[in-house]
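Take a look at the structure set out below.
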Amino acid sequence: MSVAVRFAPSPTGLLHVGNVRLALVNWLFAHKAGGNFLLRLDDTDEERSKPEYAEGIERDLTWLGLTWDRFARESDRYGRYDAVAAALKASGRLYPCYETPEELNLKRASLVSQGRPPIYDRAALRLSDADRARLESEGRKPHWRFKLEHKPVEWTDLVRGPVHFEGSALSDPVLIREDGRPLYTLTSVVDDADLAITHVIRGEDHVANTAVQIQIFEAVGGAIPVFAHLPLLTDATGQGLSKRLGSLSVASLREEEGIEPMALASLLAKLGTSDAIEPRLTLDELVAEFDIAKVSRATPKFDPEELLRLNARILHLLPFERVSGELAALGLDDADAAFWEAVRPNLSRVAEARDWWAVTHAPVAPAADDPAFLAEAAALLPDEPWDLSTWGTWTGAVKAKTGRKGKDLFLPLRRALTGRDHGPELKNLLPLIGRTRAQKRLAGETA
Ligand code: GLU
């Protein structure tokens, strides 16, 4: 059977780096195996799910290049969940419960105060028909719990190795809310079974869900997938990431931080694995290197500084074609490969190219603090056309004429030509500045 995985976000917030790492790992796993990747929106929480979050998820994945082969939306599948729930009720695996949230809290608190685990006591199973009729006549509506079998639940996790739970140590999960709406614990299993998901790769916050869900797979007659639970990313201080953490959202990394998709992918594919983090320019390279066995059980930290450093290393390698759209979006429509290759070694973010565009294509107030020397240098400027050899020829002549070398030779020229002490190699910048501007700047004029 061919490999099928899914990424199943709830559209209740922005994707953050932790969520999208799981999308990436699923995608790499599928592509490594020649399998397929399903995007499933877990949108049965109708109060919190929003179309704009669903659109944001699709935009973020598309930006990263994580295309999906199949798409599903849980809110399209209520009929199917109802049918499964009806069958589970008929077989006695789903049973009605009438406790209010307050009553459940009291039960939990009492168990905890006795030092016992807060497992649901199955009181609802002991209700008679008359009890239920009375509760319903009082206006109570049931929620429905899945009756777990009290037997061991075991699986071999691709990240955690052998995992063992005792059914008796777990609470019967609520699968249907009081208003009749099915909950994630059920819907996810029905979808994974119907859509023939072979591998469920998700965060380790779902380990206990898996124990319960394996029994639900058995009850609905679905093939049990292979599971892999990855440790969740934390921020640089070791705190968990939350969906509402704006600065680590994929949207803000893209729109505010100027992060390239392959910088984020290069980092997230390797974070928490035994591989070194290196810049990669294509997802194909990451697929070739991917192996879920390299994922470690230690908690990986996401460090925005590390991402920015990687972003810079990626930019230093990216060819012009890969950034021409971004440059045009910055208003640098006329930027060409020569400009890009001149400035990219000095960039951490593409938007910084604007500063160097201003140096090569807009008036610059030169720092012309050695006028006599600059006048001698200006007199030696070669005729155009200029190319990458012009700087060497020219400064060779200036050196021979003035006897200056090293910093004494180069820094006054840089300060006059660019108005700054540091920047891209002048060999590359000089032909972009051109003879007319260069001559004026060497004469101390803003040009
Ligand atoms: N919607 C669930 C979540 O975002 C999916 C978990 C899963 O992968 O099963 O946590």
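Read the numbers this way: they start at 1 and go in the same order the structure lists the ligands and their atoms. All heavy atoms count here, side chains included; hydrogens, waters and symmetry mates do not.
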> Is there a donor-acceptor pair under 3.5 Å between the side chain of Q215 and the backbone N or O of V212?
Replying inline: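 Not confirmed, Q215 side chain does not pair with V212 backbone.
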Check ion pair [X]-[Y] (N to O, under 4.0 angstrom):
X	Y	value
E278	K270	no
R77	D194	yes
R414	D421	no

>> For atom 10 (O) of ligand 1, tell me which residue out of E74, Q213, H206, R202 has the closest non-hydrogen atom.
In response: H206
> Which one of D42, V5, I197, V189 has a non-hydrogen atom at the shortest distance from atom 1 (N) of ligand 1?
Replying inline: D42
> N/O of P9 under 3.5 Å from N/O of ligand 1, yes or no?
Replying inline: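 No; the residue has no nitrogen or oxygen that sits under 3.5 Å from a nitrogen or oxygen of the ligand.
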List every atom of ligand 1 that sits less than 4.0 Å from any heavy atom of [X], numbering the atoms from 1 in the order shown and giving each element.
X	answer
R6	7 (C), 8 (O), 9 (O)
S188	9 (O)
Y184	2 (C), 5 (C), 6 (C), 7 (C), 9 (O)

> For ligand 1, which part of F7 has a heavy atom less than 4.0 Å away: the side chain, the backbone, both, or neither?
Replying inline: neither
> Can you list the residues that meet the side-chain hydrogen bond (donor to acceptor under 3.5 Å, both in side chains) rule with W155, with sequence neighbours excluded?
Replying inline: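 W155 satisfies side-chain hydrogen bond (donor to acceptor under 3.5 Å, both in side chains) with D157 only.
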>> As a quick check of understanding, evaluate ring pair (Phe, Tyr, Trp, His ring centres under 6.0 Å) for H206 and Y184, giving each step before the final call.
In response: CA-CA 11 Å; H206 286 288; Y184 155 78; 5.6 Å; yes
